[in-house]
Each structure stands twice: as structure tokens, then as C-alpha cells.
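A quick write-up on the structure given underneath.
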Amino acid sequence: MDSRKLSGFLYKNAQMGLYTIPMLLSISKDKRFNALLRRQYAFYRSFAKQTAKLPREKDIRLSCLEKLRVAAMIRFNTLPHPRPATANLARMMAFGSLAGIIDIKRKISDYGDASEDVRTLAKQLFSRELKNLAALLEFV
């Protein structure tokens, strides 16, 4: 059961990246930052494919409310400027990565009985989110 719960969490996390990053790419004009976002998007796309193959407790998708919340947060953080500063976008992404790091760490502990392959994927996501946070902090 823990494997299904953890794999569902991992899949939903990947979906959040796949939903958010294209919106930021459509706003950002910074080539270096966009290259970072594209690398992150490629990771989430690959990770989503891996986690989609795993059995999940239920078919977990981002809810309409979650999508609205993310879109509103992006719009709110870009309101003052038609072309928002890269630092604002990086800061927003860094907060998301930090929240993801905390959640993943807690889920790995909570679902310690999950299968080794699912826990390995969770640790892979944890490691990648740490790298994402470090890369994003360069733009803040």
C-alpha cells in the first residue's frame, strides 16, 4: 500500500512541474534561465513517464483548484511588470522546489515500507530537487 501512495505522490509532483514550467517559459525572456527551465522540464517529463508505469492507489492528477492556484500565483508574482524579472520567477520556483524537498523527505520517511524501486525514484526526485534549488538560487 505504501508503494502505491508514494508512487502517486511522485507522479503528482512530476505533473506539477510539467504544468508550471511551460507557463514560466512563456513569460521569461532570460535565455540562461529558460535553458534551466527546459532542463527541469525534460527531467519532469522523463520522471512522469517512469512514475506513470507504477501502480498507484488511484489515478492522481492535478485538480482544477491546484491548477488555478498555481496560475494565480504566477500571475500575482508577475503583475507589477509585463516582463517580470528573472529573480522573481526564480524565487517563485525556488519556493516550490523547497516545498517539494520537504514533502519528499517526509514521504520517504512516512512510506518506509514502499518497494525499493519506488523509494529509489523518490530519492532520485529528492536529489534532483536539491540540484534545482541550488541552480535557481543563482538567479535570485
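Panel note: side chain Thr51, backbone Phe47; a donor-acceptor pair is recorded below 3.5 Å. In this structure a side-chain-to-backbone donor-acceptor pair under 3.5 Å is present from Thr20 to Met16. Ser28 places no side-chain N or O within 3.5 Å of a backbone atom of Leu25 that could act as its donor or acceptor partner. Ser7 places a side-chain N or O within donor-acceptor distance of the main-chain N or O of Arg4, the cut-off being under 3.5 Å.
In terms of heavy atoms, Asp2 sits closest to Ala114 at CB-N, 3.8 Å. Closest approach of Gly17 to Pro22, counting heavy atoms only: O-CD, 4.1 Å.
The list of salt bridge (charged side-chain N to carboxylate O under 4.0 Å, His left out) pairs with a residue in residues 109-118, not counting sequence neighbours, reads Glu116-Arg119. Judged as a salt bridge (charged side-chain N to carboxylate O under 4.0 Å, His left out), the pairs with a partner in residues 93-109 (not counting sequence neighbours) are, in order, Asp103-Arg106. Judged as a salt bridge (charged side-chain N to carboxylate O under 4.0 Å, His left out), not a single pair has a partner in residues 33-49 (not counting sequence neighbours). Within the structure, salt bridge (charged side-chain N to carboxylate O under 4.0 Å, His left out) pairs that include any residue of residues 126-138 do not occur (at least two apart or interchain).
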Point to revise | Audit row: Phe9, Ile104, side-chain contact (heavy atoms from CB on, under 4.5 Å) steps and yes/no | key: CA-CA 9 Å; Phe9 169 79; Ile104 294 163; 3.7 Å; yes
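Rounding to the nearest 0.5 Å gives a distance of 11.5 Å between CG of Leu24 and CG of Asn88. Rounded to the nearest 0.5 Å, atoms OH (Tyr44) and CG (Leu37) are 10.5 Å apart. The CG atom of Leu130 sits 4.0 Å away from atom CD1 of Ile101, with the distance rounded to the nearest 0.5 Å. To the nearest 0.5 Å, atom CG of residue Leu36 and atom CG of residue Asp30 are 10.0 Å apart. The structure places CZ of Phe43 at 5.0 Å from CG of Leu125, a figure rounded to the nearest 0.5 Å. Here Gln124 contributes atom CD and Leu10 contributes atom CG; the two are 9.5 Å apart, rounded to the nearest 0.5 Å.
Residues Ile108 and Ile102 share a single hydrophobic cluster, defined by chaining ILVMFWY side chains whose heavy atoms lie under 4.5 Å apart.
Residues forming a ring pair (Phe, Tyr, Trp, His ring centres under 6.0 Å) with Tyr41 (at least two apart in sequence, or on another chain): none. When the side-chain hydrogen bond (donor to acceptor under 3.5 Å, both in side chains) test is applied to Asn13, no partner is found at least two apart in sequence or on another chain.
Looking at heavy atoms from C-beta onward, Met93 lies out of side-chain contact with Asn132 at the 4.5 angstrom threshold. Between Leu136 and Phe33, the closest side-chain pair of non-hydrogen atoms falls below 4.5 Å. Put simply, the side chain of Phe139 reaches to within 4.5 Å of the side chain of Arg32, judged on heavy atoms.
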